[in-house]
Structures are given as C-alpha cells and as structure tokens.
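Letters A, B, ... mirror the listed sequences (proteins, then strands); counts begin at 1.
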Number of protein chains: 2
Amino acid sequence: MFTTYIVLTLMTYTKALAFSQEQQEVARIAKLLSHPARIAILEHLAETKSCISGDISKVLPLSRTTVSQHLQELKSAGLIKGEIEGLTVCYCIDQEVFDEARKVMEQLLHRIKSVCCSDQCDC
Amino acid sequence: MFTTYIVLTLMTYTKALAFSQEQQEVARIAKLLSHPARIAILEHLAETKSCISGDISKVLPLSRTTVSQHLQELKSAGLIKGEIEGLTVCYCIDQEVFDEARKVMEQLLHRIKSVCCSDQCDC
DNA sequence: TATGTATGTCGTAAACATACGTCATAGTAT
DNA sequence: ATACTATGACGTATGTTTACGACATACATA
C-alpha cells in the first residue's frame, strides 16, 4: 500500500526511466542544448579560443545569476570545466566530453531516416 | 506604468527572444529531442519504414493521451506529418524538414571547438 | 585591516512540461 | 441505426525550468 503510493507519486515526470539508456542519453544532451542562452555560452567559449575569466553575462542579455545557473548546468553535465583562478573563474569547454556528446547526437540524427508511406497513405 | 508591468511580466521565460535567430532555432530543435519519448517515437517511425496506423503507445511505456501529446509537438514543429486515414491517423517523418533540422544541429555541433587555456589556466 | 570586485548560493515567483483521466467525435462494422 | 473502436480535445495535478534579487564568500589591493 505504502509502496504503491510511492510508485504512483514518482510516476509523474519519471517515466523517462522506462526508455532505453541511449534514448535517455540523447534526450539529456538535447536538453542541455535546448536553451538559447546555453547555445550562446558554448559558442562564446568556442569563439574566444580561451578561458573566460570574466563576466560572461556582459555579452548576454541575462543577469549574472541566470548565466551562472546555466553555466552550472553545463558544468554538472561535464560539457564545460571551471577552475578558480584567483578572483575569477576560468570556464572552458571540455572538448573530449563535448565530442562524445556530438557523436551520440549525430548517430541518432542519422538513424532517423524513413521511407514513408510507400503504399499505405499519401503523406 | 501599465506597459512597464506587462513588459516585466513577459520577461520571465521570454528572454529567449533576445538571442540570435540561429541560436533560437538550434534550441527549438534540441528541445524537441529533449525527451526520451519523442526520441523513441522518431526511432519507431524510422524503423517501421512506413506510416504508423495504430496506437504507438502500445510500444511505449506511456498512456495514449501522453503519446498523442508528444506526437502533437513533433507535428506542430513539422518534423512529422499526420494524415487521417479513415479510423486511424497515419504518422510519418517529414524527411525534408528533419534533414534540415539535422543540418542546423550538426553545424552548431561542429562550430563548438575550442582550444582552451593555452596559456591562461590549467583546465 | 578595510574596501572593492568578482563570483557562488539561496530563496522565490512565474512559466512551462509531463502525464493521465474523461469526454467528444468520427469512421467501421454488425 | 447501433455498438465498437481509434483518435483528438479539454482539464488538471505535479514536477521542472527560467529568471532574478539579495546575501555570503573569497581574493586582491590600497
């Protein structure tokens, strides 16, 4: 009875666990890229070709707090690294992790190829 | 005063508009792929190599209502097409739209390449 | 030591996403 | 016509994300 209640409570928003590891992995990566701010942060880190030791929020239309939050998401996912350098924090892309994420993403994108409705309907 | 209130109200969750068109486009595509159910749906549509005329929820660990909702998201984004075929609806991938989305996604993924911290820090 | 500057942390409000039950609709078949 | 079946539409509860202000912390420098 108690167990059933817990299961039912957890069911909302946790059905993701019922899908394959790979599907979850792709979804996780896609989620990281699903906000323009995080795209902008990654692009900025790539463009500067060096660590960002300064306030990235100055080049983004967001408050420092919000940017920090997005950075934290990217960092906890491993996509970027951040090292404290005196007064500032040096953020940069973890190319190894990012390349692996790209590989997973591209594999999926190329798997989605279908010959549709060859005989059943008109779409 | 009234205008200011509206602007302030709209500011939450609409900062996305302040980013570039391309950043928004990538984020939009990524968001579609950010849930395992939608990945699973796309993979299933690709695997069957034909229209799905039946209840996709039967091969997914989700209720019919929820699956229908995910299908609607993919459809309104144009990634899949759905034609009513009598009693059932024939869903299939719009390969042209999907290929374009893949292109946009891959372009971004390959743009994120940085030589990090060559001289500034140790990450 | 005090002061300034840069960053992280916490709390919170509002918007959005997920999941599902229930009802309505529309075609199929008896 | 009536019952059956498959789907869409609507409403709703719960969880998550986004955005930011306010406070705490930590280092550099005067």
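The interatomic distance linking R28(A) (CZ) with dT17(D) (P) rounds to 13 Å, in whole Å. For the pair L62(A) CG and dT7(C) P, the interatomic distance rounds to 16 Å; values are reported in whole Å. When rounded to the nearest whole Å, the span between CZ of R38(A) and C1' of dT17(D) equals 8 Å. The CG atom of L74(A) sits 13 Å away from the P atom of dG8(C) (whole-angstrom rounding). The distance between atom NE2 of H35(A) and atom C1' of dA17(C), rounded to the nearest whole Å, is 14 Å.
OP1 or OP2 of dA19(D) sits under 4.0 Å from a side-chain N or O of H70(A). At the phosphate of dT17(D), OP1 or OP2 sits under 4.0 Å from a side-chain N or O atom of K31(A). Between S63(A) and the phosphate of dC20(D), there is a side-chain N or O to OP1/OP2 separation shorter than 4.0 Å.
Of the possible donor and acceptor atoms, none in the side chain of S57(A) sits under 3.5 Å from a partner among the backbone N and O of L60(A).
Taking 4.5 Å as the limit, every side-chain heavy atom of L74(B) sits out of range of all side-chain heavy atoms of Y91(B). The closest side-chain heavy-atom distance from H110(A) to R102(B) is below 4.5 Å.
The two atoms that bring E73(B) and L32(B) nearest to each other are O-CD2, 3.9 Å, heavy atoms only. In this structure, A37(B) and L62(B) approach most closely via the heavy-atom pair CB-CD1, 3.6 Å. Across L45(B) and T48(B), no two heavy atoms sit closer than the pair O-OG1, 3.2 Å.
Ranking dT18(D), dA17(C), dT18(C) by closeness to the E73(A) side chain, first place goes to dT18(D).
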Write out a two-atom table: protein N or O, nucleotide N or O from nucleotides 3-10 of chain D, distance below 3.5 Å.
from, atom 1, to, atom 2, distance (Å)
dT7(D), OP1, G54(B), O, 2.9
dG8(D), OP1, Y91(B), OH, 2.6
dG8(D), OP2, S68(B), OG, 3.3
dG8(D), N7, R64(B), NH1, 3.4
dG8(D), O6, R64(B), NH2, 3.0

Please assess I80(B) against D94(B) for the test side-chain contact (heavy atoms from CB on, under 4.5 Å), listing each intermediate value before the final yes or no.
-> CA-CA 5 Å; I80(B) 64 175; D94(B) 189 328; over 6 Å; no
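For E100(B), the salt bridge (Lys or Arg N to Asp or Glu O under 4.0 Å) criterion is met by K103(B), not counting sequence neighbours.
The residues E22(B) and R111(B) are annotated as salt-bridged, a charged nitrogen and a carboxylate oxygen being separated by less than 4.0 angstrom.
For the helix from dT1(C)-dA30(D) to dT30(C)-dA1(D), the end axes, each set by the C1' atoms of five terminal pairs, are bent relative to each other by 10° (nearest 10°).
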